[in-house]
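Inspection log for the structure reproduced underneath, given as structure tokens.
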Protein chains: 2
Amino acid sequence: MKRVTLEEVARVAGVSRATASRVVNGASSVDESLRHAVQKAISSTGYLPNIAARSLVTRRADAIGLLLPDERRMDGDPHLASVVSGVTRVVRPLGIHLVLMMTGPGTREQALSDLRCGRLDGVILVHTDPADPVPGQLIAAGLPVVLAGRPLRPMPITYVDVNQTAGAALAGRRLKSLQRNRIATITGPQDTAAGQDRLAGFLAEVPDAVVVHGDFTRQSGIAAMERLLRCCPDVDGVFIASDLMANGAIPVLHRNGRKVPADVAVVGFDDSSAALTSEPELTTVRQPISDMAAEMARQLLRQIEQPRSPATSVMFEPSLVVRDSG
Amino acid sequence: MKRVTLEEVARVAGVSRATASRVVNGASSVDESLRHAVQKAISSTGYLPNIAARSLVTRRADAIGLLLPDERRMDGDPHLASVVSGVTRVVRPLGIHLVLMMTGPGTREQALSDLRCGRLDGVILVHTDPADPVPGQLIAAGLPVVLAGRPLRPMPITYVDVNQTAGAALAGRRLKSLQRNRIATITGPQDTAAGQDRLAGFLAEVPDAVVVHGDFTRQSGIAAMERLLRCCPDVDGVFIASDLMANGAIPVLHRNGRKVPADVAVVGFDDSSAALTSEPELTTVRQPISDMAAEMARQLLRQIEQPRSPATSVMFEPSLVVRDSG
DNA sequence: CAGGATTGGGAGAGCGCTCTCACGCCAATC
DNA sequence: GATTGGCGTGAGAGCGCTCTCCCAATCCTG
């Protein structure tokens with residue numbers, strides 16, 4: 001149960017600690033026979049490098065943070081698992097840890113100091129409040145950050161997003177191709193980039209659409225659909241800016257005697273699990289969340305490798321998943 | 001941008017590094033005036049302790065791991081966010097990091113070595129495969145572990161679970177109180193403790209129930225309900241061992257002309273987000289996931305504090321959430 | 001074959017922190 | 001007034017690792 005140190009490995013292999021270290025780190029130019037001796041010593045002693053010691057000298061934590069909004073705001077967020085899995089895919093093979101931080105009082109400041117004291121090499125920020133000063137502080141300090149989703153106000157920060165506008169346009173074209181001519185949309189919150197872009201992209205395609213506002217939550221989808229039916233009973237096609245809202249809205253249609261998609265075609269956005277638990281299953285705009293998360297991880301690693309490299313943004317193309325609702 | 005070290009704080013405060021360290025760690029007996037001087041020096045220099053250096057000597061990583069099944073098996077797991085948030089609540093105030101690891105090739109071995117090399121102080125294992133040797137190895141090595149859910153085969157390991165049997169009995173009593181007399185159940189996988197217990201608990205209450213097997217996934221709920229209706233068309237009450245299965249099963253009932261709950265009452269299990277996205281909303285057995293997760297974290301911390309302390313298990317009581325489906 | 005260039009390996013200096021230990025100081029005791 | 005005890009403080013020894021020297025050995029080149 002005693003710890004094996006590099007010192008001991010070196011002793012067993014009959015080399016110096018420096019050489020043993022070179023072998024461990026796969027470094028250059030070690031004689032083949034010595035390399036073998038060290039490797040044998042490593043496996044015979046069961047040596048594992050002490051990360052803290054390494055970290056102390058390399059000034060790398062080999063850990064990145066994932067800052068998430070808290071449970072309440074996630075509202076059964078369909079994405080969390082996909083995000084984690086995408087990031088993990090990139091980061092694990094490099095032995096880098098993924099530290100999860102759910103937003104709560106003082107979390108972001110916590111993350112900031114973790115970054116400063118070298119406990120974290122970088123962070124990925126998800127669903128950041130536009131008023132949050134932390135992203136700004138981070139980039140000001142030249143610390144590696146990547147945002148999930150375009151920030152509302154332009155800032156020199158790296159982010160990864162899906163082309164929300166194009167996605168909404170996809171939905172608009174779909175509804176038009178279904179020969180719907182009384183088309184409406186239930187929007188996301190207009191103080192987020194995603195909410196704004198999905199509306200703008202849809203209106204570009206269907207300029208005369210009726211607009212009812214929601215905030216991405218299921219509850220707001222229910223309320224919005226009720227309002228919509230009241231003000232516009234002859235609606236025959238709706239683009240709902242999140243699957244979660246659509247999931248709440250469809251039962252409202254049923255209760256009001258509308259068949260989906262016969263009477264009202266519905267197209268959602270996200271292709272989250274809510275798309276499959278809806279009846280009928282949702283036609284929706286898919287974002288490649290897991291791939292986007294992987295890209296965020298890559299962007300972050302690049303920044304860690306090359307500090308103060310210029311901010312870039314990567315845009316993914318959405319696709320339409322046709323199911324039964326529209 | 002240069003790092004501030006304890007050395008420097010000490011210099012500024014005019015004390016020795018040892019004394020500065022005592023102040024930082026809130027330790028015993030430092031003269032009030034010196035304490036003040038050090039605190040002033042800390043804030044004026046913006047000092048943050050280097051965790052790696054501390055970790056190197058304390059042999060504590062101040063990080064715990066959360067081992068999760070991979071994305072596919074989570075199947076839009078309703079729990080992930082709650083688990084994370086429960087653990088976070090306990091762990092954050094102590095400055096302990098939560099490292100997320102999704103199961104993939106070699107993940108568990110990875111976790112094991114992270115533990116051994118002191119990169120992680122302990123791990124919480126969620127949804128462990130009964131055949132998985134890792135939990136056994138961990139306890140054999142005397143490393144701190146907590147399981148989410150009772151292990152299938154009894155082993156001397158600390159775990160936190162909900163009283164599954166009692167929960168299923170709750171569901172059984174509910175269906176009986178609704179005067180149903182042709183009662184069935186769709187089970188979870190019988191190679192998991194949860195699957196077994198929910199069936200046993202239900203049968204204890206409704207011994208003559210018709211049993212159809214599922215595996216907790218939505219898809220299996222659909223298939224199981226189809227089978228059930230074929231073999232037992234006069235069924236008027238069903239306990240479905242997971243909300244996700246129930247979510248899939250209810251549309252099957254509708255398609256076959258059954259009203260829920262008028263013709264067939266449905267009770268689920270989990271009180272996950274799937275309970276709310278069902279139509280009608282599910283009556284279900286609630287597990288206090290977030291509280292359970294918090295308790296797991298506490299148990300783990302206790303083990304870290306007192307290694308080789310005896311394994312304990314904590315059981316939470318489930319409750320029935322009555323909604324519209326039964 | 002001499003001289004320089006190249007290469008592999010070892011010694012050792014830290015990285016920033018904690019913690020033991022010993023010392024100095026002052027109050028309490030005889 | 002000398003001795004004891006306690007308490008606060010500082011000196012310094014590591015924790016386990018990486019990495020920069022520097023030296024020895026080998027290689028090439030004219």
Side-chain angles (χ1 to χ4, degrees), chain A residues 1-39 41-42 45-63 95 113-121, chain B residues 1-39 41-42 45-63 95 113-121:
Chain A
M1 204 49 223
K2 59 184 299 291
R3 313 199 71 75
V4 181
T5 72
L6 194 56
E7 187 75 53
E8 184 158 340
V9 170
R11 222 198 51 228
V12 171
V15 298
S16 76
R17 198 172 59 243
T19 300
S21 174
R22 287 182 188 110
V23 173
V24 169
N25 296 302
S28 57
S29 62
V30 175
D31 186 88
E32 201 54 34
S33 67
L34 289 190
R35 176 188 303 276
H36 253 82
V38 172
Q39 254 145 10
I42 287 173
T45 53
Y47 169 75
L48 283 172
N50 179 316
I51 306 294
R54 170 181 296 172
S55 184
L56 181 56
V57 27
T58 58
R59 350 219 77 207
R60 283 284 221 89
D62 283 330
S113 64
D114 278 340
L115 232 31
R116 279 206 232 271
C117 76
R119 201 173 174 200
L120 248 32
D121 295 327
Chain B
M1 205 49 222
K2 61 183 298 291
R3 313 199 73 74
V4 182
T5 72
L6 193 56
E7 187 74 55
E8 184 158 340
V9 170
R11 221 199 51 227
V12 171
V15 299
S16 74
R17 197 172 61 244
T19 299
S21 174
R22 286 183 189 109
V23 173
V24 169
N25 297 301
S28 56
S29 61
V30 176
D31 186 89
E32 201 53 33
S33 68
L34 290 190
R35 177 187 304 277
H36 253 83
V38 172
Q39 254 145 11
I42 286 173
T45 54
Y47 170 74
L48 284 173
N50 179 317
I51 306 293
R54 172 181 294 173
S55 185
L56 181 56
V57 27
T58 59
R59 349 218 77 204
R60 284 285 221 88
D62 283 330
S113 64
D114 278 339
L115 232 31
R116 279 207 233 270
C117 75
R119 201 174 175 197
L120 247 33
D121 295 327

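What's counted below: heavy atoms across the whole structure, side chains too, no hydrogens, waters or symmetry copies. Lettering of chains follows the sequences in order, A, B, ..., and the numbering in each one begins at 1.
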Provide, to the nearest angstrom, the distance between the [atom1] atom belonging to [X] and the [atom2] atom belonging to [N].
| X | N | atom1 | atom2 | value |
| --- | --- | --- | --- | --- |
| B:Leu56 | D:dG14 | CG | P | 14 Å |
| A:Leu6 | D:dC19 | CG | P | 12 Å |
| B:Glu7 | D:dG12 | CD | P | 12 Å |
| A:Arg3 | D:dG16 | CZ | P | 7 Å |
| A:Arg119 | C:dC15 | CZ | P | 22 Å |
| A:Arg11 | D:dG16 | CZ | C1' | 15 Å |
| B:Tyr47 | C:dT18 | OH | C1' | 10 Å |
| A:Asp62 | D:dG16 | CG | P | 19 Å |

Remember a base hit wins even if backbone is also touched, and classify B:Ile51 as base, sugar-phosphate or nothing at under 4.0 Å, heavy atoms.
nothing
Tightest non-hydrogen contact, residues B:Arg119 and A:Ala61, listed as NH2-O, 3.9 Å
Quick check: closest heavy atoms across A:Tyr47 and A:Val24, and the distance to 0.1 Å?
CE2-CG2, 3.9 Å
Short side-chain N/O contact from B:Thr19 to OP1 or OP2 of D:dG10, under 4.0 Å:
yes
Tell me whether the OP1 or OP2 atom of C:dT18 has a side-chain N or O from B:Ser21 closer than 4.0 Å.
yes
Once hydrogens and angles are ignored, does a donor-acceptor distance under 3.5 Å link the base of D:dT18 to the side chain of A:Arg17?
yes
Any N/O donor-acceptor pair, B:Arg22 side-chain to D:dG10 base, under 3.5 Å
yes
With sequence neighbours left out, the residues meeting side chain to side chain donor-acceptor pair (under 3.5 Å) with B:Arg60 are B:Glu305
For B:Gln39, give me all partners under side chain to side chain donor-acceptor pair (under 3.5 Å), at least two apart in sequence or on another chain.
none
How large an angle, rounded to 10°, do the end axes of the helix from C:dC1-D:dG30 to C:dC30-D:dG1 enclose when each is built from five base pairs?
40°
Between [options], which nucleotide has the shortest distance from any of its atoms to the side chain of [X]?
| X | options | result |
| --- | --- | --- |
| A:Asn50 | D:dT18, C:dG16, D:dG16 | D:dG16 |
| A:Ser16 | D:dG16, C:dG10, C:dG16 | C:dG10 |
| A:Arg59 | D:dC17, C:dC15, D:dT9 | C:dC15 |

Taking B:Ser113 for the side chain and B:Arg116 for the main chain, is one N or O donor matched with an acceptor at less than 3.5 Å?
no
Quick check: does any side chain N or O of B:Thr58 sit under 3.5 Å from a backbone N or O of B:Arg54, one acting as donor and the other as acceptor?
yes
Starting at OG1 of A:Thr19, measure out to CZ of A:Arg22 and round the result to the nearest 0.5 Å.
5.0 Å
More 5' along DNA chain D: B:Val57 or A:Arg54, using each one's nearest nucleotide?
B:Val57
Residue closer to the 5' end of DNA chain D, A:Thr5 versus B:Ser33 (nearest nucleotide)
B:Ser33
Residue from A:Asn50, A:Ile51, A:Val4 passing side chain to side chain contact (heavy atoms under 4.5 Å, CB included) with B:Cys117:
A:Ile51
